[in-house]
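Below, chain A is the first sequence line, B the second, and so on; all start at residue 1.
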There are 2 protein chains.
Amino acid sequence: MSGVSIGEAARVSGIKVPTIRYYEQMGLLPEPPRTEGNRRVYDESRLRRLTFIRHARELGFDIGAIRTLLDLQDNPGQSCSPADSIARQRLQDVVERIERLKALQTELERMIAGCSHATIAKCRVIEVLTDHGQCGTPTH
Amino acid sequence: MSGVSIGEAARVSGIKVPTIRYYEQMGLLPEPPRTEGNRRVYDESRLRRLTFIRHARELGFDIGAIRTLLDLQDNPGQSCSPADSIARQRLQDVVERIERLKALQTELERMIAGCSHATIAKCRVIEVLTDHGQCGTPTH
DNA sequence: GCTTGCTCCTCTAGCGACTAGAGACTGTAG
DNA sequence: CTACAGTCTCTAGTCGCTAGAGGAGCAAGC
């Protein structure tokens, strides 16, 4: 019966030890068996599940979405359209975020470019924040 | 002596009432005077400060950064280089975030495009999450 | 004067996804 | 045998709010 400790699982999966315990608590990972000394033992399937979770987190899926995706994975006969729709929602969110961040980038660049590096009294950064009418995107 | 209620201040500044109280608690806003009935009264300078805070938050500056920016604003004789550097840091952060989100976008699009809308057993979304070797950016 | 209904007050607790730390135990290498 | 790394559980903290409880102030209508 092979199986590894939580520390080894952390190394393999790239998820920190306390975070693994946290995922267990959140119900993403079934409670693993323990050694006589009460230590968690992770088998291959658990390690795969951990890796799945890490990838999903890296793609920005939240715990709820991951729970659903894992449930789907556990029942492979079902239609994949829920998984598809979760991924699409996530994509839309990412696209929107990029849009917003690009607008911020533009505004920050304008702010910084206008700064003459003198005193605060003349600082463009402070000025723009004080009087937003001076900013490039008056929509917000 | 003109001055407005917290509700009016919220309307004018675009910051919600509890959030204004929260900012006061966090030390971004000096404690305003009160009416006999113990209600906060906001004058012009406080309203301007609130607007400053809102703009800064919209640009993604965190509370600590805003505290510094406000301190600088309160002492306009100083060099503006700390303000400049806060803004530059923020810009760098935004640029990095955009980069990461774009990579996510690409990967999510690939995932979704590959999905044949059949069952989970054949779902590309689940597959990619399970076996990350299939993903386009093997760097993470 | 009295009621209705809105705004305001303080205080505490919750969100999400961890992270940090305390204090105790286990397991292993020298 | 001792040192020390790893693990255990539990609680509390992070950030920037947000929600709710339970109470008080205040203006308008009757």
Original post:
On a plain distance test, is the side chain of R39(B) in donor-acceptor contact with the base of dT7(C) below 3.5 Å?
Top reply: yes
Original post:
Does G64(A) or Y42(B) map to a spot on DNA chain C nearer the 5' end, using the closest nucleotide for each?
Top reply: Y42(B)
Original post:
If you find the nucleotide of DNA chain D closest to P18(B) and the one closest to R34(A), which residue's nucleotide is nearer the 5' end?
Top reply: R34(A)
Original post:
Are any of the side-chain heavy atoms of I63(A) and Y23(A) separated by less than 4.5 Å?
Top reply: yes
**OP:** Could you please name the option among dT10(C), dC26(D), dC8(D) that lies closest to any side-chain atom of R40(B)?
**Re:** dT10(C)
**OP:** Quickly work out the E36(A) CD to dG27(C) P distance and round it to whole Å.
**Re:** 8 Å
Original post:
Between E8(B) and R11(B), does at least one N-O distance fall below 4.0 Å, as a salt bridge requires?
Top reply: yes
**OP:** Examine dT19(C): is either OP1 or OP2 under 4.0 Å from a nitrogen or oxygen in the side chain of T19(A)? Give yes or no.
**Re:** yes
Subject >> Distance, rounded to the nearest Å, where I63(A) contributes CD1 and dG14(C) contributes C1' >> reply: 17 Å
Original post:
Nearest-Å distance, CD1 (I20(B)) to P (dC17(D))?
Top reply: 12 Å
Subject >> Residues D71(A), R67(A): salt bridge by 4.0 Å N-O rule >> reply: no
**OP:** Grab the CD1-C1' distance between I66(A) and dG16(C) for me, whole Å please.
**Re:** 12 Å
**OP:** Would you indicate which nucleotide in dG16(D), dC9(C), dC18(C) comes nearest to any side-chain atom of Y23(A)?
**Re:** dC18(C)
**OP:** Ignoring hydrogens and angles, tell me if any N or O in the side chain of R40(A) forms a donor-acceptor pair with the backbone of I6(A) under 3.5 Å.
**Re:** no
Original post:
Is K16(B) near enough to dT18(D) that one of its side-chain N or O atoms lies under 4.0 angstrom from OP1 or OP2?
Top reply: yes
Subject >> Reported OG1-to-NE2 distance for the pair T51(B) and H55(B), which is rounded to 0.5 angstrom >> reply: 6.0 Å
Subject >> Any R21(B) side-chain N or O less than 4.0 Å from OP1/OP2 of dC9(C) >> reply: yes
Original post:
Which one, dT7(D), dG27(C), dC8(C), comes nearest to the side chain of T35(A)?
Top reply: dG27(C)
**OP:** To the nearest Å, give me how far apart CZ (R11(A)) and P (dA5(D)) are.
**Re:** 14 Å
Subject >> Whole angstrom value for the distance that separates P of dG16(D) from CZ of R57(B) >> reply: 6 Å
Subject >> Gap between atoms CD and P, on E8(B) and dA27(D) respectively (whole Å) >> reply: 15 Å
**OP:** Measure from OH on Y22(B) to C1' on dT10(C) and round the result to the nearest Å.
**Re:** 17 Å
